Amino acid sequence: MNESCKIVVERRGDVAIFWTDGYINNQGGEEIARQAYAQLDAGARALVLNLEKTRIVNSIGISILIEVLEKVMDRKGVLAFCSLTPTIDKTFRIMGLAQYASIYATQDQALQAVTATG
Amino acid sequence: MNESCKIVVERRGDVAIFWTDGYINNQGGEEIARQAYAQLDAGARALVLNLEKTRIVNSIGISILIEVLEKVMDRKGVLAFCSLTPTIDKTFRIMGLAQYASIYATQDQALQAVTATG
Amino acid sequence: MPRHETVHSGLDGAGSREVSLTIPVASDMEIVATAQVSALGEYIDMPHDKIDEVKLALVEACINAFEHAHTRDDRVHLTFRVGRDEDGPDFLEVEVFDQGKGFDHSGVEVPTPEKTFTGGKKRGWGLQIMRSLMDTVVITSGEWGTKILMRKYK
Amino acid sequence: MPRHETVHSGLDGAGSREVSLTIPVASDMEIVATAQVSALGEYIDMPHDKIDEVKLALVEACINAFEHAHTRDDRVHLTFRVGRDEDGPDFLEVEVFDQGKGFDHSGVEVPTPEKTFTGGKKRGWGLQIMRSLMDTVVITSGEWGTKILMRKYK
Ligand SMILES: Nc1ncnc2c1ncn2[C@@H]1O[C@H](COP(=O)(O)OP(=O)(O)O)[C@@H](O)[C@H]1O
Ligand SMILES: Nc1ncnc2c1ncn2[C@@H]1O[C@H](COP(=O)(O)OP(=O)(O)O)[C@@H](O)[C@H]1O
């Protein structure tokens with residue numbers, strides 16, 4: 001079933017970059033959460049989620065991303081998103097995710113920003 | 001309705017190259033036929049149909065392409081196809097179009113071949 | 001007799017641009033259903049970003065039916081219509097009908113980012129997202145089930 | 001109670017992977033229908049070239065129903081199923097049902113390239129293309145209409 005979201009994670013110093021590919025629903029969101037917590041436990045301070053290859057994130061997926069955001073903030077970490085489609089960007093704004101997490105147009109911009117806040 | 005096929009034609013010497021984009025059904029086939037006959041009337045000797053951007057040709061579309069092929073052969077011209085998807089290639093072989101017209105993998109190969117038979 | 005019969009013109013009559021799709025209550029079927037939104041959206045040349053918005057609204061309506069409706073037939077019934085208001089732009093309409101338990105949508109609490117973040121209630125955004133992304137959303141619900149009728153102009 | 005209810009697993013029961021689509025008899029609706037083949041083909045990870053073959057077979061069955069059947073309801077009814085033979089590979093099945101006049105498919109002349117080129121009869125390839133592109137094709141037809149059931153393994 002290739003509807004489910006694939007996730008690739010790369011660690012660069014204390015930043016972990018996540019590339020998602022596909023639909024982010026409850027399963028996809030939970031998989032991101034699992035890997036995000038593993039990165040935090042392994043010392044990552046900043047997480048960058050690159051959603052370039054995701055066209056749909058449903059509201060359940062977003063609610064899980066919000067939990068991840070809260071956990072990251074609890075630990076004084078940083079969470080940034082980049083490469084969102086206009087529809088995903090709009091939905092993140094509707095649900096308020098954009099008020100608490102930073103959203104960047106490109107991965108470079110996101111990396112620069114989370115590194116500057118180091 | 002962007003299901004319908006778009007056609008771009010370019011004349012290079014006595015060769016006319018056709019680029020199709022989209023579904024070739026009866027309307028798409030008839031539009032190709034109309035433009036093909038116009039090119040023959042205007043002195044084109046060889047026609048190259050590049051179907052790179054077409055993923056479906058239905059049997060009515062193919063039957064019209066076969067008529068075009070016959071008309072070209074009547075006039076001692078040459079008709080070549082290139083850049084077919086495996087499914088279109090298979091269908092052209094089933095219907096016998098491949099026995100009477102030449103099919104090439106790339107446009108360069110098609111152009112080279114029709115120029116050599118000049 | 002013309003050698004190539006043409007297929008019907010497709011411009012005849014009101015019902016002629018209505019497509020109905022029935023999907024099972026099963027995971028990822030909401031994504032399978034969005035393929036119809038792409039196909040009909042492209043058919044009326046709707047911009048891709050708007051097609052994406054209709055897709056997400058459809059996904060939200062479907063997962064609500066999957067999750068909350070407890071449908072009697074284990075199916076969700078979708079109807080897609082393309083049309084045009086007089087002198088207006090083309091639209092794509094999506095109807096999501098479930099034969100489930102129904103609900104009183106006027107009683108549903110409206111979510112806010114504040115409640116979501118500080119209040120611990122993360123869910124409850126589906127209807128709000130549909131309303132934000134579509135031009136019109138009409139909800140009718142009763143013991144017979146729920147019907148969500150949504151329209152977006154291209 | 002878990003915070004995130006999961007949608008149904010989708011692996012339950014035989015009927016759970018059946019999607020039905022009704023399209024109007026109207027031009028280009030056969031292309032709109034092929035979107036469902038892509039969606040379900042991708043759902044079972046069918047290779048793209050095979051998905052294209054199923055799409056063309058579906059297009060041929062639809063345009064036959066549009067052109068020849070003279071359907072009583074001006075509609076064509078499609079059912080898509082994904083399934084798996086015991087220990088076998090996944091398959092995608094497409095059923096095309098029209099409530100038209102029916103035909104005797106055993107009486108249909110089998111086309112050949114020779115007849116097509118020298119004989120002047122260019123049409124008549126639809127059924128042959130379906131049979132060549134799909135793994136199985138079963139045609140049933142009568143006064144009630146026509147049903148084409150086609151299956152392709154991934
Ligand atoms: N099709 C439906 N059938 C029954 N109840 C529904 C349906 N759609 C929505 N509801 C009810 O409305 C509430 C709000 O839905 P929604 O805004 O989508 O948020 P969520 O699904 O995250 O709870 C649901 O919790 C449910 O009680
Ligand atoms: N759904 C249908 N209803 C009635 N007749 C049909 C149907 N499908 C096919 N036929 C008959 O079978 C013949 C052969 O069909 P086909 O092989 O697709 O070639 P073509 O459509 O080009 O004639 C048609 O000409 C028609 O007489």
Side-chain angles (χ1 to χ4, degrees), chain C residues 2-44 51 55 59 62-71 73-82 120-123, chain D residues 2-44 51 55 59 62-71 73-82 120-123:
Chain C
R3 197 126 37 124
H4 313 296
E5 300 174 53
T6 43
V7 293
H8 291 55
S9 90
L11 295 166
D12 42 12
S16 72
R17 302 291 184 71
E18 179 174 305
V19 167
S20 51
L21 179 73
T22 299
I23 57 172
V25 171
S27 69
D28 287 338
M29 283 298 142
E30 72 278 17
I31 289 294
V32 167
T34 62
Q36 226 42 66
V37 173
S38 299
L40 285 165
E42 284 170 15
Y43 180 77
I44 61 167
I51 291 178
K55 281 182 167 185
V59 161
C62 287
I63 63 180
N64 273 352
F66 291 175
E67 190 176 11
H68 305 300
H70 304 287
T71 63
D73 59 350
D74 250 338
R75 300 243 171 310
V76 179
H77 306 271
L78 311 174
T79 308
F80 302 90
R81 289 180 201 95
V82 296
K121 186 181 181 301
K122 305 267 169 292
R123 295 285 307 277
Chain D
R3 198 130 33 127
H4 313 295
E5 300 174 51
T6 44
V7 291
H8 291 55
S9 92
L11 296 163
D12 41 11
S16 73
R17 303 290 184 74
E18 180 175 303
V19 168
S20 51
L21 180 73
T22 299
I23 57 172
V25 171
S27 68
D28 288 336
M29 283 298 143
E30 72 278 18
I31 290 295
V32 167
T34 62
Q36 241 14 262
V37 172
S38 300
L40 286 164
E42 284 170 15
Y43 181 78
I44 62 168
I51 291 178
K55 281 182 167 185
V59 161
C62 287
I63 62 181
N64 274 352
F66 291 175
E67 190 176 8
H68 304 301
H70 304 287
T71 63
D73 59 349
D74 250 338
R75 300 242 169 310
V76 179
H77 305 272
L78 311 174
T79 308
F80 302 90
R81 290 181 201 92
V82 296
K121 185 181 180 303
K122 306 266 168 291
R123 294 287 306 277

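Labels below follow one simple rule: chain letters A, B, ... track the order of the sequence lines, proteins then strands, and each chain is numbered from 1. Keep in mind it's a predicted model, so treat the numbers as computed, not measured.
For chain C, no part of Ser38(D) is nearby; none of its heavy atoms comes within less than 4.5 Å.
Side-chain atoms of Glu42(C) never come within 3.5 Å of backbone atoms of Val32(D) as a donor-acceptor pair (strictly under, hydrogens ignored).
Between Ala35(C) and Gln36(D), the closest heavy-atom pair is CB-NE2, 4.3 Å.
Screening Leu78(D), Ile23(D), Val19(D) for a side-chain contact (heavy atoms from CB on, under 4.5 Å) with Leu21(C), the sole residue that qualifies is Val19(D).
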